[in-house]
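Order of the sequence lines fixes the chain letters, A, B, ..., with proteins taken first and strands second; residue numbering starts at 1 for each chain. Remember, it's a predicted structure, so these values are computed and weren't measured experimentally.
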Protein chains: 2
Amino acid sequence: MDTPKHALTVDNVIFGFDDGELKVLIVKHGEGESRGRWGLPGDWLYPDETLEQAASRVLLDRTGVRDIFLEQLHAFSEPQRHPGERIITVAFFALVRSDAHALSVGKTELDARWVNVRETPELIFDHNTILTKALARLKHKVRHEPIGFNLLPEKFTLLELQRLYEAVLDISLDKPNFRRKMMKMNLLVSTDEKQSGVSYRAANLYRFDLRVYKELTEQGFVFEV
Amino acid sequence: MDTPKHALTVDNVIFGFDDGELKVLIVKHGEGESRGRWGLPGDWLYPDETLEQAASRVLLDRTGVRDIFLEQLHAFSEPQRHPGERIITVAFFALVRSDAHALSVGKTELDARWVNVRETPELIFDHNTILTKALARLKHKVRHEPIGFNLLPEKFTLLELQRLYEAVLDISLDKPNFRRKMMKMNLLVSTDEKQSGVSYRAANLYRFDLRVYKELTEQGFVFEV
DNA sequence: TCAAAAGTGTTAACTGTACACCCATGC
DNA sequence: GCATGGGTGTACAGTTAACACTTTTGA
């Protein structure tokens, strides 16, 4: 039996939220034909790891974070997507908290940078397509699952949460209604703390309560924007 | 540069709807260690085709249908998922109309059969996991996109549509309310025809209008259950 | 006339949306 | 006092959910 074999990589679309903007991490390649051009951080799949492990490894290498939201996006397999050798890539998308940014540049790379997700330069191969698909997925998921919290620090104000939704979905929302909607879900726990260092009335800080979410989900609760 | 290479297959979860039941197509393997056991229809990825082309090929081989709803589900890459050699598989899920069933058995298979999706035998490798994931995806998608129509014949009654939703979601629905909800979307076009051969009042037959759906979608319409 | 499903009507409860408003704080 | 955001109230429109009801048809 002949079993055709294929070169396989993983590429990560790593989203972050900072300054009220949704950002994505891109790296400048330092080797091969694509030297000097921007792309998504990725690597080969090693023989004894899962795709998820490879993606986690790339994420850890570049941002220093682990145990973060990471999910398979799609396998891209156009035979011509990569010049020269055929390479199939499995793309992942990851969400990191803005307070956990500690970028580091990979061995074969020249630079790494957070850029506004709607103002990216042209990327190598089909990476723009991958990014577009990841953004569409994020926009969809954020409405149906409480994954947005992965982009915020542990404690956050309701307006920060609203700004996150506005940045991800590229819309504007009504403050009183957004606030009520969120509060009614009982997923946010008020902390004793308040915002500090602001020149206006300090807002209450909230935490997202994963345990409550799981309980509610078991009872049939469905998260919707 | 060393590039580790990997054996890659596609496996299809092919859903059909018949007798008011949601079914899935499984095949009995005729070769190798898994001879005599049931699994999902799949094949190797060939060197010059995309994963989607490979999945379409498998679908065409087994059911004789082409141009059908087919979408990537997930890549499964546990190093131990397949005994012996490491094989990574990319799973797809497909929806076929019940009036298009013309099963044929692949060269290396002994049998092919539609089984109720909630009464499947034990499947080889991680195929039960794949099926579970496909079903979850179907349940989710059917609520947010009008893909359910891919499981019905060209013309159908409102009750058939309702029964489809009930089978997929494993719930029961209120007839008057379901009917109004669907009609209000303006996606169904009434045909001149009526059901025939039934011993009760014949229901009107409807078609799903893809063109209207696309127009509405551009105007911001969102399909929900 | 009965069974089965087609199809309509009505109501009360709940949600979404828009927007007016007051509160607290630092400069 | 003013700008900025925090936070509450309200009221109308629209939607959902439950279910009672009439109609049509073949056997």
Next item on the list: Using the side-chain contact (heavy atoms from CB on, under 4.5 Å) rule, take A/Leu135 and A/Arg118 through it: C-alpha gap first, then chi angles, then the decisive distance, then the call.
Entry: CA-CA 10 Å; A/Leu135 183 57; A/Arg118 284 173 252 265; 3.9 Å; yes
Might you point out which heavy atoms bring [X] and [Y] nearest each other, and give the distance in Å?
| X | Y | answer |
| --- | --- | --- |
| A/Met185 | A/Val225 | CE-C, 4.1 Å |
| A/His74 | B/Gln72 | NE2-NE2, 3.2 Å |
| B/Gly20 | B/Ala167 | O-CB, 3.6 Å |

Next item on the list: Flag yes if more than 12 heavy atoms outside A/Glu122 fall under 6.0 Å of its CD atom; otherwise flag no.
Entry: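 No, the 6.0 Å shell around CD holds no more than 12 heavy atoms from other groups.
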Item checked: Centroid-centroid distance, B/Phe93 to B/Phe69, less than 6.0 Å ->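 Yes, ring centres under 6.0 Å apart.
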Check: Listed by chain and number, what are the salt bridge (charged side-chain N to carboxylate O under 4.0 Å, His left out) partners of B/Asp209, not counting sequence neighbours?
Finding: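 With sequence neighbours excluded, B/Asp209 shows a salt bridge (charged side-chain N to carboxylate O under 4.0 Å, His left out) to no residue whatsoever.
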Next item on the list: Check the side chains of A/Thr89 and A/Thr9 for a donor-acceptor pair under 3.5 angstrom, ignoring hydrogens and angles.
Entry: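 A donor-acceptor contact under 3.5 Å links the two side chains.
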Under a 4.0 Å N-O cut-off, is there an ion pair linking [X] with [Y]?
| X | Y | answer |
| --- | --- | --- |
| B/Arg137 | B/Glu71 | yes |
| A/Glu160 | A/Arg163 | no |
| A/Asp126 | A/Arg81 | yes |

Note to self: Please list, in numerical order, the residues of residues 218-225 of chain B that have a heavy atom closer than 4.0 Å to any atom of DNA chain D.
What the structure shows: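 Contacts with DNA chain D under 4.0 Å: none.
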Notebook entry, point to check: So which of residues 140-149 of chain B are in contact with DNA chain D, with a heavy-atom cut-off of under 4.0 Å?
Noted result: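 Nucleic-acid contacts, sorted: none.
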Item checked: Along DNA chain C, first and last positions that approach a heavy atom of chain B under 4.0 Å ->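 Answer, 5' to 3': C/dA4 to C/dT10.
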Check: By side chain to side chain contact (heavy atoms under 4.5 Å, CB included), which residues pair with A/His29, not counting sequence neighbours?
Finding: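 Partners of A/His29 by the side chain to side chain contact (heavy atoms under 4.5 Å, CB included) criterion, ordered by chain and then number, come out as A/Val27, A/Ser34, A/Ile124.
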Check: When you measure from the side chain of A/Gln195 to the backbone N and O of A/Thr157, does any donor-acceptor pair fall under 3.5 Å?
Finding: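 Absent.
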Notebook entry, point to check: Among pairs that include at least one residue of residues 179-194 of chain A, which meet side chain to side chain donor-acceptor pair (under 3.5 Å), considering only residues two or more places apart or in two chains?
Noted result: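 Matches after skipping sequence neighbours: A/Lys155-A/Glu193, A/Asn177-A/Arg180, A/Ser190-A/Asn204.
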Check: Under the side chain to side chain donor-acceptor pair (under 3.5 Å) rule, what pairs show up with a residue in residues 211-221 of chain B, not counting sequence neighbours?
Finding: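 Found none.
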Item checked: Strand-adjacent residues in residues 161-173 of chain B, judged by heavy atoms under 4.0 Å from DNA chain C ->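 Close to the strand, none.
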Next item on the list: Could you check which residues of residues 190-205 of chain B get a heavy atom under 4.0 Å from DNA chain C? Sort them by number, please.
Entry: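 Contacting residues: B/Tyr200, B/Arg201, B/Ala203, B/Asn204.
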Next item on the list: Would you give the length of the straight line joining atom CG of A/Leu25 to atom CG of A/Asn12, rounded to the nearest 0.5 angstrom?
Entry: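 These two atoms lie 9.0 Å from each other.
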Note to self: Would B/Leu22 and B/Leu151 count as a side-chain contact (heavy atoms from CB on, under 4.5 Å) here? Give the steps.
What the structure shows: CA-CA 9 Å; B/Leu22 182 64; B/Leu151 286 164; 4.3 Å; yes
Item checked: Full working for side-chain contact (heavy atoms from CB on, under 4.5 Å) between B/Phe76 and B/Ile88 -> CA-CA 6 Å; B/Phe76 294 83; B/Ile88 292 167; over 6 Å; no
Notebook entry, point to check: Within the structure shown, what part of the strands sits under 4.0 Å from B/Leu158 by heavy-atom distance: base, sugar-phosphate, or nothing?
Noted result: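 Here B/Leu158 touches no strand at all.
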Margin query: For residues 134-171 of chain B, which residue pairs pass the ring pair (Phe, Tyr, Trp, His ring centres under 6.0 Å) check, not counting sequence neighbours?
Written below: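 Those involving residues 134-171 of chain B are A/His140-B/His140, A/His140-B/His144, A/His144-B/His140, A/His144-B/His144, B/His140-B/His144, B/Phe149-B/Phe156, B/Phe149-B/Phe208, B/Tyr165-B/Phe178.
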Item checked: B/Leu158 and B/Leu188: CA distance, side-chain angles, deciding distance, side-chain contact (heavy atoms from CB on, under 4.5 Å) verdict -> CA-CA 9 Å; B/Leu158 283 168; B/Leu188 298 187; 3.6 Å; yes
Checklist line | Covered region of DNA chain D, 5' end to 3' end, by chain A [heavy atoms, under 4.0 Å] | finding: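 So the outermost contacting nucleotides come out as D/dT4 to D/dT10.
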Margin query: Could you spell out the base pairing of DNA chain C as a dot-bracket line? Use Watson-Crick and G-U wobble contacts where both distances are under 3.5 Å, [ ] for crossing pairs, | for partners on a different strand.
Written below: |||||||||||||||||||||||||||
